[in-house]
Amino acid sequence: MGTRQQALFIIFGGTGDLAKRKLYPSLFELYKKGFLKENFAVIGTARRPWTDEYFQDVVRKAVTDADTSKEDADEFAQHFYYQSHNVNDTEHYVTLRKLAQRLDQKYSIGGNRLFYLAMSPRFFGTIAEHLKSQNIVTDNGYNRLIIEKPFGHDLASAKDLNNSIGRYFAEDSVFRIDHYLGKEMIQNIAAVRFGNNLFRSLWNNRYIDNIQITLSEALGVEERAGYYETAGALRDMVQNHILQIVSLLTMNMPASFTESDIRREKIYALKALQVYSPEQVEKNFVRAQYGESSAGLKGYRQEEQIADDSKTETFVAGKVFVNSENFSGVPIYIRTGKRLSKKTTRIDIVFKDVPKNIFGSERLGKNILTIIVEPKGEIYLQMNVKKIGQNFGLKVQKLDLLQVEDNSVQIPEAYEKLILDVLRGDATNFTHWEEVAYSWKFVDAIRNAWDNQQIPLPEYASGSMGPQEADDLLARDDHHWIFTSENDNRD
Ligand code: NAP
């Protein structure tokens, strides 16, 4: 059983998709594991005029699966209260304060408040302001603000958003969610890098040839079309998730495994990103859109809510450099897109060849460390070994470095881990403002070049791994993608 936490959650956007699909099930897991027990309550707020009973029913349904006991779900749902509330209406915050005070006493919470803004970022500033001005923040406990992506749509808007929140909440009480940072295998990067001298010593430009990061989705734009059309793959996936992964892969070893030391190194890595000139963007970045598929799937421009002349990219591939002492010169190839051949998140670290192949005509494969984040956590190391037999021959062997033997160990969902981190006040796995700012600076240079320079927007076939241009990007450097639609791990 975990250490019990006392907290009042106020979830703005309590009727929304994120709340139902991710937040309530994650809170329920924390409840079942004993981190939340008697001393917690949740207020869900949104404009819809729901009653507490109706809300509790929604919560019960959201957490019910084959393994849920009805008693657990009922008991859990009783901690949930609903307050109909328009975030632009000051009067409503007065009602909210009263309800919060009542629940704080009823559940002996001691003033700890967690404000989860699960709604459009355009409301963040006004909510933060009202939480302060209407005294919904307490002075006898902590007050923590959890916010969702997107954090701005460029550096200037991100700065505005940050200022509007920063006037009321200090940086150390703002938790910017990037749910990739809550994923088990993303957290494993630090364990592999810094827990093994083997990798710690080799993790630099002397031994690493190139790094490949792939975040591919098989689905098309689906129900988030309206938002996606204004964002595109670069803003939606590269600015946050991919650059966060880049920072974890290239940061220097922190002095200790603590929030401040880790964040310092991540910020330093992102600060060292090479920001491209328009000519460099054209050379190092590819964007594309999915077309109609032969199987009858719609192309991006035929999707609902999408303009028929849309220039929004659904695919990005690029070559990124982190100009730090240990990583300058190592190409980091990144790629993300929709309607690709397979849903996967994976990282391939390709090591340099041995200085000399002494085995004559025997071909040596590359040493590749592969970290598969999704669909299933896996870590492989590709090595050359001798073929068994009288003669001397070589073969490539993949070592499985992550034998999950105990099937009973359930992997916690990213949101569950991140909410627990917020309850404990640990911001290690959240994005610091400076990380956001350096990431936008890098992304803005690409976006501006694309917007100003008529750089082509090719189509790619649904079910492929993107346009030919993404393969050419690596071929020019005499490299290739390790993961292809035909082959999981070719070399
Ligand atoms: P959503 O389903 O559209 O929910 C938006 C919520 O805001 C609803 O509960 C809505 O309820 C409420 N709302 C809208 N205007 C309001 C107002 N003036 N006053 C009070 N409440 C208002 O959106 P979502 O998908 O849950 O996403 C929420 C946030 O999470 C967004 O920032 C999104 O980018 C981010 N996000 C979502 C996902 C996901 O998987 N869904 C993933 C990553 C990030 P009423 O209509 O009842 O007011």
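Order of appearance sets the numbers: ligands from 1, and atoms from 1 within every ligand. Predicted model, so just to flag it, every value in this text is computed and none were measured.
No salt bridge links Lys22 with Glu148; every basic N to acidic carboxylate O contact stays at or beyond 4.0 Å. Salt bridge Arg60/Asp74: present, at least one basic N to carboxylate O contact under 4.0 Å. We find that Lys271 and Glu434 are not joined by a salt bridge, their nearest charged nitrogen and carboxylate oxygen being 4.0 Å or further apart.
Here atom 46 (O) of ligand 1 lies nearest to Arg47 when heavy atoms of His92, Arg47, Lys20 are compared. Residue nearest to atom 42 (C) of ligand 1, selected from Ile11, Leu18, Thr45, Ile127: Leu18 (by heavy-atom distance). Looking at Ala118, Ala46, Gly13 and measuring to atom 28 (C) of ligand 1, the nearest heavy atom belongs to Ala118. Here the shortest heavy-atom distance to atom 21 (N) of ligand 1, taken over Met119, Lys149, Arg122, belongs to Met119.
In Arg48, the parts holding a heavy atom less than 4.0 Å from any atom of ligand 1 are both the side chain and the backbone. Contact annotation for Phe123 and ligand 1: only side-chain heavy atoms (C-beta onward) come within less than 4.0 Å of the ligand. For Arg224, no heavy-atom contact with ligand 1 is shorter than 4.0 Å.
With no hydrogens or angles considered, no side-chain donor-acceptor pair links Thr95 and Gln83 at under 3.5 Å.
Residue Tyr415 has no nitrogen or oxygen atom sitting less than 3.5 Å from a nitrogen or oxygen atom of ligand 1, judged on distance alone. Considering backbone and side-chain N/O atoms, Asn88 never comes within less than 3.5 Å of an N/O atom of ligand 1. Ligand 1 has no nitrogen or oxygen under 3.5 angstrom from a nitrogen or oxygen of Pro121.
At least one heavy atom of Arg21 lies less than 4.0 angstrom from ligand 1.
The one candidate from Lys338, Arg235, Gln289, Arg447 that meets the side chain to side chain donor-acceptor pair (under 3.5 Å) condition with Glu313 is Arg447.
Every atom of ligand 1 is numbered from 1 in the order shown, and the set under 4.0 Å from a heavy atom of Thr15 is 8 (C), 9 (O), 10 (C), 11 (O), 45 (P), 47 (O). Each of the atoms 17 (C), 18 (N), 19 (N) of ligand 1 lies under 4.0 Å from some heavy atom of Asn86.
Taking a distance limit of 4.0 Å, we find that atom 3 (O) of ligand 1 is approached by no protein heavy atom.
Taking the salt bridge (Lys or Arg N to Asp or Glu O under 4.0 Å) definition, one finds that Lys61 meets it with Asp57, sequence neighbours left out.
Judged by the 6.0 Å distance and 45° axis criteria, Arg224 is not positioned over the aromatic ring of Tyr228.
In this pair, Trp50 and Phe55 present their aromatic rings tilted. The plane angle is within the 30 to 60° band.
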Ignoring hydrogens and angles, write down the donor-acceptor pairs under 3.5 Å from the side chains of residues 158-167, residues two or more places apart or on other chains.
from   : atom 1 : to     : atom 2 : distance (Å)
Asn162 : OD1    : Arg176 : NH2    : 2.9
Asn163 : ND2    : Lys159 : O      : 3.3
Ser164 : OG     : Leu161 : O      : 2.8

